[in-house]
Every structure is written in structure tokens, then in C-alpha cells.
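Naming convention: chains lettered A, B, ... in sequence-line order (proteins, then strands); numbering from 1 in each chain.
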Amino acid sequence: MLDLKQIRENPTEVQNRLQRRSDVYDLTPILDLDTKQRELQTTRTQLQARSNEIGKLIGQKMKSGSDPKSEEILALKNEGNEIKAQLADLEPQEKDLKTQLEDLLLELPNLPSDSTPIGKSEEENVEVRRWGDEYLPTNPHILPHWEIGEQLGILDFKRAVKVAQSRFVNLVGVGAALERALINFMLDRQTKAGYIEVLPPILVNRQSLTGTGQLPKFAEESFQCEGDDLWLIPTAEVPLTNLYRDEILDAEHLPIYHCAYTPCFRREAGSYGKDTRGLIRLHQFNKVEMVKLVHPDTSEAEHEKMLDNATAILEALKLPYRVLELCTGDLGFGAVKCYDVEVWLPSSGKYREISSCSNCWDFQARRANIRFKETGKKGTQYVHTLNGSGLAVGRTMSAILENYQQENGSVKVPEVLQPYLGRSVL
RNA sequence: GGAGAGGUGGCCGAGUGGUCGAAGGCGCAGCACUGGAAAUGCUGUAAUGGGGUAACUCAUUCGAGGGUUCGAAUCCCUCCCUCUCCGCCA
């Protein structure tokens with residue numbers, strides 16, 4: 001959520017910065033509601049002040065033994081009743097304005113950072129660096145991962161459709177073990193990098209999804225449980241960031257680093273034609289996620305470090321990748337700045353997203369009310385929140401199945417994974 | 001699912017209709033004491049929103065939402081959550 005004060009004080013600047021996202025935003029309804037709300041608030045608080053005063057006066061008189069039926073007291077009570085009637089009219093009006101204002105604010109995305117390249121779509125993302133050309137596979141006949149996976153008997157898409165629906169998969173035998181090995185490998189690496197592991201709930205409530213920004217705008221992207229206000233998480237960013245919702249943290253406890261392995265669930269509404277085969281776009285997938293809550297002064301540096309924590313996994317696995325900085329048109333709803341890491345997928349001759357590392361600044365912290373207090377400083381400040389995949393496990397598996405594919409149709413196991421899997425070839 | 005207890009400031013905890021934003025303690029900050037520190041003593045210490053250059057000031061907030069009342073942390077209703085016991089269950 002954006003700072004209402006900032007919108008009020010610098011509306012044109014906010015407007016211009018939002019506009020970089022190649023979408024149209026109109027702040028006038030917000031400004032109008034804000035003005036009306038504050039006018040009402042002034043009137044209301046004046047009435048309330050008088051009402052409080054009357055209450056105190058009556059209290060004093062009763063204590064000093066006045067007759068409760070005396071004219072003086074009856075007159076005060078009368079005035080109190082009149083004020084109550086007026087307030088009964090004003091209060092709902094103001095509440096309504098506040099709700100409307102809040103609803104509009106919750107729909108506004110974050111402001112892109114000044115350094116974020118301006119662009120309309122993913123086409124204009126900027127490549128920051130590339131790594132691992134020497135590990136590009138030399139095998140000229142690489143099958144797509146879903147084909148080799150089915151050949152090896154470790155991926156079963158057909159029966160997953162029967163059991164659930166399309167865009168689900170069964171990992172079978174060594175396939176399941178490989179997924180497990182990858183999860184453990186990633187968690188081991190990230191905990192060594194300083195992230196405290198959490199195994200969080202994967203069903204969360206509405207407030208949590210609102211806190212991180214999936215609700216209210218992207219409700220159609222999540223699976224909701226009928227009969228309960230619980231939703232399947234689209235990413236562990238949601239439970240991890242919301243761990244500290246409505247808390248005032250001690251500045252000394254920052255930064256807080258967490259990582260988690262969770263399954264993630266996405267409805268993928270509106271992506272019907274895309275990536276219909278393979279592990280790339282499933283309704284359920286596994287991911288190891290990193291989340292940081294940091295002091296605003298350090299968030300830029302923490303963001304770079306988080307990106308390194310993500311790419312370190314690919315380097316250890318010797319999978320070629322590139323890093324992109326997302327342009328304003330492709331930037332996520334809550335992000336100020338975002339790096340995507342893309343891994344090489346030989347079967348499609350393309351790099352594909354395997355991690356996304358975002359710095360949200362105080363956008364989520366304001367929604368989720370996550371603040372910190374610095375000793376010696378008055379009041380509280382919002383933390384900055386960051387999140388990144390470390391990494392998407394299924395996509396890592398698909399990258400291994402392709403990049404490590406041998407001419408004889410076998411697949412080598414990356415060296416660092418061999419101790420986890422107990423074998424060197426699939 | 002059934003029965004009971006409870007949810008108060010950064011934390012613990014008192015408070016059953018009136019000057020309560022809330023005793024006391026912990027923590028934190030400042031001052032005194034000290035060569036320096038510890039201990040001790042004194043003082044201060046909530047958040048959010050509005051108005052004001054500021055000092056300051058007004059309002060809201062005692063799990064959430066309603067109600068009673070001139071006035072609610074306190075009384076009534078609904079809901080949520082936590083704990084204990086029972087039932088069910090991996």
C-alpha cells in the first residue's frame with residue numbers, strides 16, 4: 001500500500017511514477033475521498049470532544065453529591081443526547097468514506113524505483129549478466145524434459161490428470177527422490193547463508209494474503225477453500241512475511257532472514273495456452289523461498305545479497321543462467337525493484353524464469369503493519385520486505401533433465417546432488 | 001464437536017460504570033552517585049489519525065463488531081482467537 005500522506009502531498013509525482021508501469025492510474029478519486037474524510041473527521045472530533053467534556057462534567061457533579069435529577073444535569077444529558085444523534089449520522093458516513101479510500105489504496109501497485117528500466121512488457125527487461133556458458137550442453141539431441149521424464153518413468157502427467165486435473169504431475173520413484181534431494185540441497189544452502197528455516201502453514205487467511213498484496217486484486221489467482229476463509233498459498237512469501245504482521249519489532253532484531261520449503265498453488269487463470277506441457281507451469285509446484293525483513297537503509301544491499309543466494313544454487317548445480325532486471329511494465333504488483341533469474345532450457349532454446357527476487361520496500365509492511373522501533377528514535381517505522389525464490393524446485397528439475405541429458409538418453413546427476421540422491425545417473 | 005477459563009501498553013500484570021491511556025513491575029532512555037562500571041536513587045517512556053512552522057492540541061484504540069448509558073477496559077449480544085478437560089483423529 002502506498003503512503004496516503006505521500007499521495008496527498010505529491011500527487012503528481014506519485015501519479016507519474018505509477019504511470020511508468022504502462023497502465024492508467026487516476027488518483028483523483030483517492031484525493032477527493034481523502035479530503036472529504038478529513039473534513040468529516042474534523043467535525044466529528046469536535047462533537048466528540050464536547051461529548052467527552054459533558055461526560056466528565058456530569059461525573060464530577062455526581063461525585064460531589066449533586067442531585068441527578070437537577071435541571072443542570074438534565075440539561076447536560078440532553079445536550080449529550082443531541083450530540084449522540086448527530087454522531088450517529090456522521091460516524092457511518094465517515095466509516096464508509098474510509099472503507100472506500102482503503103479499497104482504492106489496496107488496488108494501487110507499488111512505485112517502481114528510479115533505477116528500474118522503463119518498458120511496456122517483458123520484452124524490455126534488461127539483462128544484467130549471464131553465467132555458465134561453459135556448461136551449456138553439447139548434446140545436439142536433447143528431448144524436452146517431459147519426454148525424457150516420461151521415458152525414464154519419473155514424470156507421470158497422464159495419471160495426475162485423472163487424480164486431479166491438467167497442470168498437475170506425479171513424480172515417481174527417482175523423480176520423487178530427486179525433488180526431495182533438491183529441496184534438501186536448497187534448504188541446506190540457504191540456512192548456511194543465514195536464513196532461518198520455517199515450515200509454515202500452507203493454508204492462510206485473508207489478512208495474510210492482503211498483507212503481501214495477493215488480495216484483493218488477484219483473488220482469481222488463488223485457490224480458496226469453500227466454507228472456510230482459508231486459501232492455499234501461491235508462494236511461501238505469504239506466510240513468511242506475515243509471520244510478523246501487526247508486530248513492532250526491535251531494530252536490533254533486524255535483519256530477519258527466513259527460508260521455507262512449501263508447495264505453492266496457483267490457478268494460472270488466463271494462461272490457458274501457455275506452457276501446457278511439462279513442469280514449467282503447474283497448479284501445484286514446490287519452491288524454496290527466501291524472505292527478509294530489513295531496516296530501510298540496508299534494503300538495497302540486502303536485495304543484491306538475496307539475488308546472490310538464489311544464483312549460488314544454480315552455480316553449485318552448474319546450470320547456465322542469466323539475470324534480468326525487470327522493466328516497469330513487467331514489475332510485480334508489490335515490487336519497487338525486481339531481478340528475475342532465468343535458467344537455460346535447451347529443448348526450447350530459451351532461458352526460463354527460475355527465481356524472482358523482489359524488494360517491496362515498505363509496501364507490504366504498510367499493508368501488514370510490520371514496524372520496528374529504534375532506540376532513541378521517536379515513533380515507529382515500517383520495515384522493508386524482500387522475497388526471492390531460492391529456487392523453484394520443479395523448474396530446477398526440468399533444467400537438470402535437459403542440461404544433464406546424455407546422448408544415450410540417460411541423465412547425469414549434478415555432482416553436488418549425488419550425496420543427497422545416492423546415485424550419479426538417472 | 002461438548003464443558004470451563006481467558007484475551008489489557010515493547011513485554012508481564014492490576015483494574016467490575018465517572019477526571020482510566022489505564023496502578024505496579026520488567027525493558028528502554030536521561031540524570032545523580034562512581035576513576036569507570038555494576039548496584040542504587042530520581043525522572044521520563046504507547047500506537048494511530050486529524051489540526052498546527054512549532055510548542056502543542058483534539059480524537060481513536062484495553063481481541064473484533066454491535067448494543068445499553070450523558071459516560072464502558074468494566075454491563076449486554078454476536079463473532080474470532082488462546083488455554084485446560086472430555087470426545088474424535090494422523
Side-chain angles (χ1 to χ4, degrees), chain A residues 1-9 30-102 104-106 199 201-211 225 227-231 239 242-254 256 293 295 362 365-383:
Chain A
M1 189 155 64
L2 298 181
D3 184 4
L4 180 57
K5 248 187 221 163
Q6 193 191 359
I7 297 178
R8 187 190 299 150
E9 284 161 16
I30 291 180
L31 293 167
D32 287 350
L33 283 169
D34 177 50
T35 312
K36 277 189 209 148
Q37 190 272 124
R38 281 184 300 144
E39 279 168 11
L40 260 184
Q41 180 172 357
T42 308
T43 330
R44 198 205 76 228
T45 52
Q46 279 165 358
L47 284 171
Q48 250 156 359
R50 176 58 187 160
S51 166
N52 290 344
E53 199 181 352
I54 291 170
K56 277 183 187 168
L57 275 172
I58 295 178
Q60 276 167 17
K61 292 193 190 295
M62 304 280 256
K63 264 215 166 149
S64 56
S66 296
D67 176 9
K69 296 253 165 77
S70 73
E71 267 190 41
E72 203 186 359
I73 289 186
L74 287 178
L76 282 171
K77 283 195 181 182
N78 232 325
E79 192 187 344
N81 275 326
E82 274 167 31
I83 291 177
K84 216 202 305 191
Q86 285 178 275
L87 284 174
D89 185 42
L90 288 182
E91 272 170 357
Q93 285 183 42
E94 194 189 343
K95 206 176 248 179
D96 183 50
L97 288 178
K98 272 194 161 161
T99 318
Q100 287 182 44
L101 189 56
E102 171 102 352
L104 289 179
L105 283 172
L106 285 173
L199 194 56
I202 56 178
L203 286 176
V204 298
N205 56 34
R206 178 178 299 269
Q207 293 94 300
S208 292
L209 283 163
T210 307
C225 299
D228 297 281
D229 190 19
L230 288 170
W231 307 60
N242 278 283
L243 240 31
Y244 300 96
R245 176 150 48 81
D246 292 320
E247 291 193 28
I248 299 178
L249 305 163
D250 215 326
E252 286 118 73
H253 293 157
L254 300 177
I256 294 172
L293 308 193
H295 191 290
D362 57 359
R366 186 170 283 112
R367 289 172 160 252
N369 196 26
I370 309 172
R371 294 166 291 168
F372 71 97
K373 217 182 159 87
E374 241 168 333
T375 41
K377 276 203 185 170
K378 249 185 118 178
T380 58
Q381 293 171 261
Y382 289 110
V383 299

* Asked: If the sugar-phosphate is the primed atoms plus P, OP1 and OP2 and the base is the rest, what is the B/S/- string for nucleotides 46-51 of chain B, using protein heavy atoms under 4.0 Å?
  -> SSSBSS

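Pairing of A55(B), defined by two Watson-Crick or G-U wobble distances under 3.5 Å, is not identified with any nucleotide. In this entry G4(B) has C83(B) as its Watson-Crick or G-U wobble partner, both defining distances falling under 3.5 Å. The pairing partner recorded for U74(B) is none, the criterion being a Watson-Crick or G-U wobble arrangement whose two distances lie under 3.5 angstrom. Pair assignment for A46(B) gives U61(B), based on Watson-Crick or G-U wobble hydrogen-bonding distances that are each under 3.5 Å. Across all strands shown, the partner of C26(B) is G10(B), judged by Watson-Crick or G-U wobble contacts whose two distances both fall under 3.5 Å. The nucleotide U19(B) finds no pairing partner, because no Watson-Crick or G-U wobble arrangement with both distances shorter than 3.5 Å includes it. A 3.5 Å limit on both hydrogen-bonding distances identifies no Watson-Crick or G-U partner for C88(B).
Between Lys95(A) and the phosphate of U60(B), there is no side-chain N or O to OP1/OP2 separation shorter than 4.0 Å. Between Lys77(A) and the phosphate of G71(B), there is no side-chain N or O to OP1/OP2 separation shorter than 4.0 Å. Put simply, Asn52(A) has no side-chain N or O that comes within less than 4.0 Å of OP1 or OP2 on C58(B).
Salt bridge annotation for Lys36(A)-Glu39(A): absent, with no cationic side-chain nitrogen under 4.0 angstrom from a carboxylate oxygen.
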* To do: Could you give me the CA-CA distance, side-chain angles and deciding distance for Arg50(A) and Glu53(A), then say whether salt bridge (Lys or Arg N to Asp or Glu O under 4.0 Å) is met?
  => CA-CA 5 Å; Arg50(A) 176 58 187 160; Glu53(A) 199 181 352; 3.4 Å; yes

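Straight-line distance between the C1' atoms of A59(B) and C76(B): roughly 26 Å, to the nearest whole Å.
Side chains of Ser208(A) and Asn205(A): a donor-acceptor N/O pair is present below 3.5 angstrom, by distance only.
Two residues are said to be in side-chain contact when any heavy atoms from C-beta on lie closer than 4.5 Å; Leu105(A) and Ile7(A) meet this criterion.
Heavy-atom minimum distance, Thr380(A) versus Lys373(A): CG2-CG, 4.4 Å.
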N/O contacts under 3.5 Å, protein versus nucleotides 15-20 of chain B?
from: G18(B); atom 1: N2; to: Gly55(A); atom 2: O; distance (Å): 2.8

